[in-house]
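Everything below concerns the one structure shown next.
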There are 2 protein chains.
Amino acid sequence: MSNRKLVKHDELKDRAQMVIPGGMYGHLNSASLPSNYPQFFKKASGCRMWDVDDNEYIDYMCGYGANLLGYNHCEVEAAALGQKMMADTLTGPTELIVSLAEKLVSMISHADWAMFSKNGADGNNIAMMLARAYKGKKTILVARGAYHGSANWNTPVLVGITKEDRANIIYFEYNDPQSLHDAFAQANGDVAGIFATPFRHETFEDQFFPDVEYAKLARQLCDEHDAILIVDEVRTGFRVARDTLWSQMGVQPDISTWGKALSNGYPISALCANNKLRDAATKIFVTGTYWFSAVPMAAALATLNIIENTSYLEHIYAMATMLREGITKQAEQYDFELHQTGPVAMPQMLFANDPKAQLGFKWTSELIEQGVYFHPYHNMFISAAHKKSDIEATLYATEQAFIKLACYR
Amino acid sequence: MSNRKLVKHDELKDRAQMVIPGGMYGHLNSASLPSNYPQFFKKASGCRMWDVDDNEYIDYMCGYGANLLGYNHCEVEAAALGQKMMADTLTGPTELIVSLAEKLVSMISHADWAMFSKNGADGNNIAMMLARAYKGKKTILVARGAYHGSANWNTPVLVGITKEDRANIIYFEYNDPQSLHDAFAQANGDVAGIFATPFRHETFEDQFFPDVEYAKLARQLCDEHDAILIVDEVRTGFRVARDTLWSQMGVQPDISTWGKALSNGYPISALCANNKLRDAATKIFVTGTYWFSAVPMAAALATLNIIENTSYLEHIYAMATMLREGITKQAEQYDFELHQTGPVAMPQMLFANDPKAQLGFKWTSELIEQGVYFHPYHNMFISAAHKKSDIEATLYATEQAFIKLACYR
């Protein structure tokens, strides 16, 4: 069925090998994906993207979460371009930094103030510094295996990292109250803060939501020990809720960190916090060349206006539910045990008893040939640009892929 | 003489106080500048910028180095906008990441390959990880007081930082051969790398170039100990030379890091390295949501083309020399001992016997009233958009400011 060719693509990969170690790095390195995945792309619009050989894909990774409303969304682009004509990276910030902080404070229920940086990891690093600055304690509790960025203290690969980089971190098991109690006991009164994720979303694992009791316990232990509860919404923010996810369980963090969807793809991350941390924030020193740039702030404001004033989220949920239900039905029909976990808008799809994702690789490899970009072991993302016709086309492709997969058995 | 008003500005500062701790943070916080400095800007073009009350300034900070060719430079903007119409932050990189790596490798004489990130500090963090990954050693030598970004291991303020964040750093005195020898001895065979700056450029200090012997010793000690020589060109790159500055002294680093001027204001930083580090680079894991975004790469390619093919640098030097000589003459005439240090394109201007920059504050405060944005204690930047008429207007203002300053005596 596939007329897919990768010609220019293969030439580019050869060129890349010369000037980029291994040909690529980081989370966008296609070497960890099935071999027919494209490494290089040319253009994108809505929920579609094209590789350098003009092969078209319905994209379910959305720039790993940066695409919330659709690539090249006209209202976001108009705001960004208008601002670009005025100013971007200057010798000082523009009015937009104030407007954007005001906007976040108005939308994020726990937030009294905001700061901005570039990487999601910047926000998490600042959160850690703030938690330590707050009362001078230094131990940070982190759920084992949880990704909060590729800084020394959290990158999942230990090459180039020293043990001192993680000397003040105690790990606990996500959603395990006893483990959290134990971590506090182990820290012996020195807990500066807890890093929490809104729900568990790690590669090669089924996703799951925390129990309300666990979230409430995290809050309670922080209160008892005057420690800071940090919720990392970088990957999840605005795709699952219009506020922190834990606020819907009645649990307010002290700090939340945001990125990706916040600006529909423009480089900016945000940290929101309550007044408890205000004084600490005036005492730490963090900064970056591009942290005050105006264009990403204009894009974020336009994105937040759409988040606040449209039913984009309900549309995402409707489309994502249609996708999940359709695939569930197909998996049953073709007798595959496929775990679709986490919120429908950020689905993780893993075959049962497939720890190395070998079935997943075959299935997604078939999908790529049919122009559907799924990920075999990382959670995916549905955007507001995914329409009914896109989901239908996707479900046609997933069925073909299940049929092919059934032949392998 | 000044008709300057700060009305909208003061309203904005009040709003900012509510939603940003202290009203602003980082290097763009005007609280550390004379009280009449503007905090918020509205637009910029060439070497000029306007604050939110439409007061105009000739800008000698250039976005702290991000503006190399002039704000809103048409060729850079055309390249960026053209790319934006195609793709920016996607589920994979574009061809531009390869083209940009190839371009840097062709221009930076020590470079065999390149990687890209967002903050200058990202590049320096990756450099540190690479140096450690190279042979498994962990000690990093850093010149005391040298700024390499606001990450935990280097931010100049210790609030929120633990002593373990700097456990594997040994400090030495910049440009002091004996101190470098001593640091190696102290590390007892465990030096992974040295962080060097092309020249000394710290706040509140006269700038100075290193001796050739010192630079050569750094290279020699790295070779003898199989350690990595890292040169941080983030602030200096492409404003002082078209290659690393040390290459002009015949000293090649193993790693150089770049940012700011590289893309004329678009958010991107680069790390260039030689083949010695290629294997290590495939083993570490570093990444970021926006590190592969295409628009800043298009801007960087356009900027590098201009760097390579025009006399932008010679123009900057001519203008910067005119400024330095003019101010030297005025300082003599009005009997001020003003130290103008470092390369003319990145001048530091400090009054003698003025450790808290009180004279500097008065002088620059007068200049702001006259529409010239100087910095009282941080090195400044001259861009390719500064023209003879701008320097003349600046020299008129500096003379007026010297006259005023003479009255304070």
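So that the names make sense, note that chain A is the first sequence line, chain B the second, and so on, each numbered from 1.
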Going by residue number, which parts of residues 122-129 of chain A are within reach of chain B, meaning a heavy-atom gap below 4.5 Å? A:Asp122, A:Met129

B:Asn154 (side chain) donor-acceptor with B:Ala151 (main chain) under 3.5 angstrom: no

Ranking A:Asp88, A:Ile161, A:Ile284 by heavy-atom pairs under 4.5 Å to chain B gives rank one to A:Ile284

If you take all heavy atoms of B:Ala101 and B:Phe116, which pair is closest and at what distance? N-CZ, 3.7 Å

Heavy-atom pair count under 4.5 Å with chain B, highest-scoring of A:Ala281, A:Ala167, A:Ala114, A:Ala66: A:Ala114

Would you compute the distance between atom CD of A:Gln39 and atom CG of A:Leu28 and round it to the nearest 0.5 angstrom? 7.5 Å

Under a 4.5 Å heavy-atom cut-off, does chain B meet the side chain of A:Asp112, its backbone, both or neither? backbone

For A:Phe381, which atoms come within 4.5 Å of any heavy atom of chain B: side chain, backbone, both, or neither? neither

With a 4.5 angstrom heavy-atom cut-off, which part of A:Ser30 approaches chain B: side chain, backbone, both or neither? neither

Under a 4.5 Å heavy-atom cut-off, does chain B meet the side chain of A:Ser263, its backbone, both or neither? side chain

Heavy-atom closest pair, residues B:Lys260 and B:Tyr64: NZ-O, 2.8 Å

Hey, are B:Thr287 and A:His27 close enough side-chain-wise for a donor-acceptor pair under 3.5 Å? yes

Select one option (side chain, backbone, both, neither) describing which atoms of A:Asn264 are under 4.5 Å from chain B's heavy atoms. neither

Before you tell me yes or no, could you show the steps for A:Phe292 and B:Phe40 under ring pair (Phe, Tyr, Trp, His ring centres under 6.0 Å), namely the whole-Å CA-CA distance, both residues' side-chain angles and the distance that decides it to 0.1 Å? CA-CA 11 Å; A:Phe292 307 84; B:Phe40 297 103; over 10 Å; no

Within the 3.5 Å criterion, strictly below it, is a donor on A:Asp59 or A:Tyr71 matched to an acceptor on the partner's side chain? yes

Between A:Lys43, A:Glu164, A:His375, A:Met49, which shows the greatest number of heavy-atom pairs under 4.5 Å with chain B? A:Glu164

In residues 130-139 of chain A, which residues are in contact with chain B at a heavy-atom separation under 4.5 Å? A:Arg132, A:Ala133, A:Lys138

Between A:Val52 and A:Leu12, does a side chain to side chain contact (heavy atoms under 4.5 Å, CB included) hold up when you go through it step by step? CA-CA 9 Å; A:Val52 288; A:Leu12 261 180; 3.9 Å; yes

Quick check on the interface: out of B:Pro38, B:Pro93, B:Ala16, who has the most heavy-atom pairs with chain A under 4.5 Å? B:Pro93

Chain B contact via A:Glu11 - which portion, at a heavy-atom distance below 4.5 Å: neither

Sequence neighbours excluded, the answer for salt bridge (charged side-chain N to carboxylate O under 4.0 Å, His left out) partners of B:Asp54 is B:Lys42

Between A:Met18 and chain B, which part of the residue has a heavy atom less than 4.5 Å away: side chain, backbone, both or neither? backbone

Contact part of A:Leu96 toward chain B, heavy-atom cut-off under 4.5 Å: side chain, backbone, both or neither? neither

Not counting sequence neighbours, which residues clear ring pair (Phe, Tyr, Trp, His ring centres under 6.0 Å) with A:Tyr373? List them please. A:Tyr37

Closest heavy-atom pair, A:Leu277 versus A:Ala273, reported as atoms and distance to 0.1 Å, is CB-CB, 4.2 Å

Is it the case that more than 12 heavy atoms not belonging to B:Lys276 sit under 6.0 Å from its NZ atom? yes

What residue in B:Met61, B:Lys163, B:Met115 has the most heavy-atom pairs under 4.5 Å with chain A? B:Met115

Honestly, the part of A:Thr289 sitting under 4.5 Å from a heavy atom of chain B is both

Part of A:Phe41 lying under 4.5 Å from any heavy atom of chain B: both

Okay, B:Asn275 and chain A: the region with an atom under 4.5 Å from a heavy atom over there is neither

Please give me the minimum heavy-atom distance between B:Cys62 and A:Thr91, naming the atom from each residue. N-OG1, 3.4 Å

Shorter than 4.5 Å, heavy atoms on both sides: which option in B:Leu104, B:Asp165, B:Ile97 has the most such pairs with chain A? B:Ile97

I'd like to know which of A:Pro296, A:Gly92, A:Ala44 tops the heavy-atom pair count under 4.5 Å against chain B. A:Gly92

Of all the heavy-atom pairs spanning A:Lys118 and A:Tyr290, show the shortest one and how long it is. CE-O, 2.8 Å

Using 0.5 Å steps for rounding, measure from the CG atom of B:Asn67 to the CG atom of A:Leu90. 9.0 Å

Between B:His9 (side chain) and B:Asp51 (backbone), is there a donor-acceptor pair under 3.5 Å? no

Strictly by modelled atom types, are A:Ser150 and A:Thr155 linked by a side-chain donor-acceptor pair under 3.5 Å? no

For residues B:Thr94 and B:Gln83, report the shortest heavy-atom separation together with the two atoms involved. CG2-NE2, 4.3 Å

Max heavy-atom pairs within cutoff under 4.5 Å with chain A, candidates B:Gly265, B:Ser269, B:Cys272, B:Ala87, goes to B:Gly265

Donor-acceptor check, side chain of A:Glu95 to backbone of B:Lys8, threshold 3.5 angstrom: yes or no? no

Out of A:Tyr57, A:Trp50, A:Trp113, which one racks up the most heavy-atom pairs below 4.5 Å with chain B? A:Trp113

Take the angle between the ring planes of A:Tyr147 and B:Phe285 and call it parallel below 30°, perpendicular above 60°, tilted in between. perpendicular

If you tally heavy-atom pairs under 4.5 Å between each of A:Gly22, A:Ala111, A:Gly288 and chain B, the highest tally belongs to A:Gly288

Side chain, backbone, both or neither: which part of A:Val286 has a heavy atom under 4.5 Å from chain B? both

Side-chain donor or acceptor of B:Glu77 paired with backbone N/O of B:Ala299 under 3.5 Å: no

Using non-hydrogen atoms only, which part of B:Ser99 is less than 4.5 Å away from chain A: side chain, backbone, both, or neither? both

